[in-house]
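Encoded as structure tokens, the structure appears first; notes follow it.
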Protein chains: 2
Amino acid sequence: MSQYLEKAGVESPGVGRMVDFPPRVTIIDEGEPARSIFRIVTGNVMISKLLPDGRRQIFEVLGPGSIFGVTPNGRHDSVAESLTDVRLTAFEKGLAERSSSFTSLVADRLKVQICALHGHAVLLGRKSAVERVASYILELIEAREDTALAPEGSVTVRVLMTRSEIADYLGLTLETVSRAFSQLKRDGVLAYERHDGLMRVSIRRLRPLTGTY
Amino acid sequence: MSQYLEKAGVESPGVGRMVDFPPRVTIIDEGEPARSIFRIVTGNVMISKLLPDGRRQIFEVLGPGSIFGVTPNGRHDSVAESLTDVRLTAFEKGLAERSSSFTSLVADRLKVQICALHGHAVLLGRKSAVERVASYILELIEAREDTALAPEGSVTVRVLMTRSEIADYLGLTLETVSRAFSQLKRDGVLAYERHDGLMRVSIRRLRPLTGTY
DNA sequence: CGAAGAATTGAGGTTAATCAACGAGGGTGG
DNA sequence: CCACCCTCGTTGATTAACCTCAATTCTTCG
């Protein structure tokens with residue numbers, strides 16, 4: 001387990017303890033014995049796997065309410081790392097498994113995750129580079145809290161991941177991701193000047209490019 | 001729901017009813033309202049999604065003991081079709097959700113599935129064509145019932161899927177899959193003459209080609 | 001035996017990866 | 001405060017992997 005977990009733990013027995021992490025630190029390492037199940041209170045967490053030669057695949061980017069650290073055997077099969085500042089609730093594994101209300105909460109979340117993984121498999125197996133990036137941006141838009149505004153017009157999103165992280169999420173190289181962004185910009189699908197992650201997106205133009213609709 | 005389900009149903013109340021399907025028929029269609037949860041007794045089931053333009057991605061091939069037809073909302077998000085002759089147990093959704101023992105069985109299976117989907121995402125996002133096919137064959141070997149024999153030597157496996165189905169599973173074209181098989185054959189990793197799916201595989205030579213170890 | 005579906009193989013094209021250079025922004029230390 | 005460095009992003013040139021199109025063979029089944 002990480003250093004941060006030990007330091008930041010605030011006991012709150014029976015409910016789970018609060019834990020905080022700074023951006024881009026490892027929360028769970030692959031192969032580690034599974035002691036806790038985590039629930040995201042605020043922030044984002046990336047779940048990934050590393051091949052022995054260094055290739056990485058990120059398969060999920062989780063937000064508030066999501067659960068991670070669940071495994072079939074007693075050992076974590078993937079890496080979890082913070083993308084932003086993160087606040088988590090950590091539940092002791094054995095304890096959590098005996099609570100039926102908790103179990104059904106976990107089961108519900110797993111169903112949502114499986115759904116998302118199915119969609120991501122389609123993206124990885126069957127979509128072109130531009131389709132992948134377009135799908136990614138649409139995902140960002142749909143994940144926003146203020147989901148109300150402008151369902152079909154233009155919206156502003158903040159891209160928190162680096163080009164390299166997006167590449168590892170979409171099964172591309174960072175250069176290809178960058179080129180796809182540039183093309184979408186040229187085509188008037190999205191607009192940005194500074195490299196601060198903020199971009200204005202035309203949903204109407206974006207949606208047809210995702211391959212899904 | 002499919003025609004077969006209605007015809008073949010054999011009531012066995014409280015436990016779930018038995019249902020049989022011939023090979024390569026649709027068990028669940030995408031978008032269909034979710035009424036039942038299925039458990040495989042014998043045979044194999046493929047879970048896939050179709051893009052509007054016809055591109056298909058198969059993300060799981062399930063065997064005995066596996067569960068499918070579980071969704072977060074009340075609607076199926078993917079297609080389930082039989083690969084072989086299949087015998088299933090169908091559980092009424094509402095009923096199943098009220099049984100806590102059933103819920104925890106489902107949860108356990110979902111965890112295993114998520115694990116498999118993670119591995120498959122790595123394959124789709126980061127592996128070469130030959131690595132994908134090698135991984136696929138290794139998967140077949142590990143899924144066999146008679147898993148005892150020859151842990152490191154040569155084994156015989158039966159490839160049930162067509163090249164086209166394998167391609168849709170591995171995110172490739174059927175030609176690329178065929179070429180990968182041919183290459184593995186040339187390199188002495190596997191051997192076969194007839195196109196009946198039976199092949200002799202050297203696990204020792206196969207494993208290093210999967211990219212995972 | 002003929003037809004249809006599946007697998008193989010070849011030739012050529014396209015997409016994305018690789019290799020490489022450069023610019024912008026942010027932080028650190030002199 | 002400024003120079004430097006480092007990371008991140010962008011873009012160009014080239015290469016490699018995989019896809020597409022096409023022809024041929026194998027297998028099964030009526």
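Lettering follows sequence order; numbering is per chain, from 1.
On a pure distance criterion of 3.5 Å, a polar donor-acceptor pair joins the side chain of B/Arg179 and the base of D/dT20. Interface remark: the B/Glu175 side chain does not form any donor-acceptor pair with the D/dC18 base, using a distance-only criterion of under 3.5 Å. Residue side chain A/Glu165 does not reach the base of D/dC8 through any donor-acceptor N/O pair under 3.5 Å, judged by distance alone.
In this structure, B/Lys185 places its NZ atom 12 Å from C1' of C/dT9, rounding to the nearest Å. One interatomic measurement links the two molecules: CG of B/Leu198 to C1' of C/dA7, which rounds to 16 Å at whole-angstrom precision. The nearest whole Å value for the distance from the NZ atom in A/Lys127 to the C1' atom in D/dC18 is 20 Å. The interatomic distance linking A/Met199 (CE) with D/dG9 (C1') rounds to 11 Å, in whole Å. When the C1' atom of C/dA4 is taken as reference, atom NE2 of B/His195 falls 16 Å away, rounded to whole Å. Taking atom CD of B/Gln183 as the reference point, atom C1' of C/dG10 lies 16 Å away to the nearest angstrom. Between A/Phe181 atom CZ and D/dG9 atom C1' there is a gap of 11 Å when expressed in whole angstrom units. Between the CZ atom of A/Arg132 and the C1' atom of C/dT15 there is a distance of 11 Å, given to the nearest Å.
Using a 3.5 Å distance cut-off with no hydrogens or angles, the side chains of B/Glu131 and B/Tyr136 do not pair a donor with an acceptor. Between the side chains of A/His118 and B/Glu60, at least one donor-acceptor pair of N or O atoms lies under 3.5 Å.
Note on ring orientation: taking the six-membered ring where Trp is involved, the planes of A/Tyr192 and A/Phe181 are perpendicular (angle over 60°, cut-offs 30° and 60°).
Among the nucleotides D/dG9, C/dA17, C/dC19, the one closest to the side chain of A/Arg163 is D/dG9. Of the candidates D/dC19, C/dT8, D/dT10, D/dT10 carries the atom nearest the A/Ser178 side chain, counting heavy atoms from C-beta on. Listed candidates were D/dC18, C/dA17, C/dA7. Nearest to the side chain of B/Thr162 is C/dA7. Here the nucleotide nearest the side chain of A/Thr176, chosen from C/dA17, D/dC18, D/dT10, is C/dA17. You'll find that the side chain of A/Tyr192 is closest to D/dT10, out of C/dT9, D/dC19, D/dT10. When each of C/dA16, D/dG9, C/dT9 is scored by its nearest atom to the side-chain atoms of B/Ser182, the top-ranked nucleotide is C/dT9.
Distance alone, capped at 3.5 Å, places no donor-acceptor pair between the A/Arg200 side chain and the A/Ala191 backbone. Not one N or O on the side chain of B/Arg75 forms a donor-acceptor pair closer than 3.5 Å with the backbone of B/Ala34.
Within 4.0 Å (heavy atoms only), A/Leu172 reaches sugar-phosphate atoms of the nucleic acid but no base atom.
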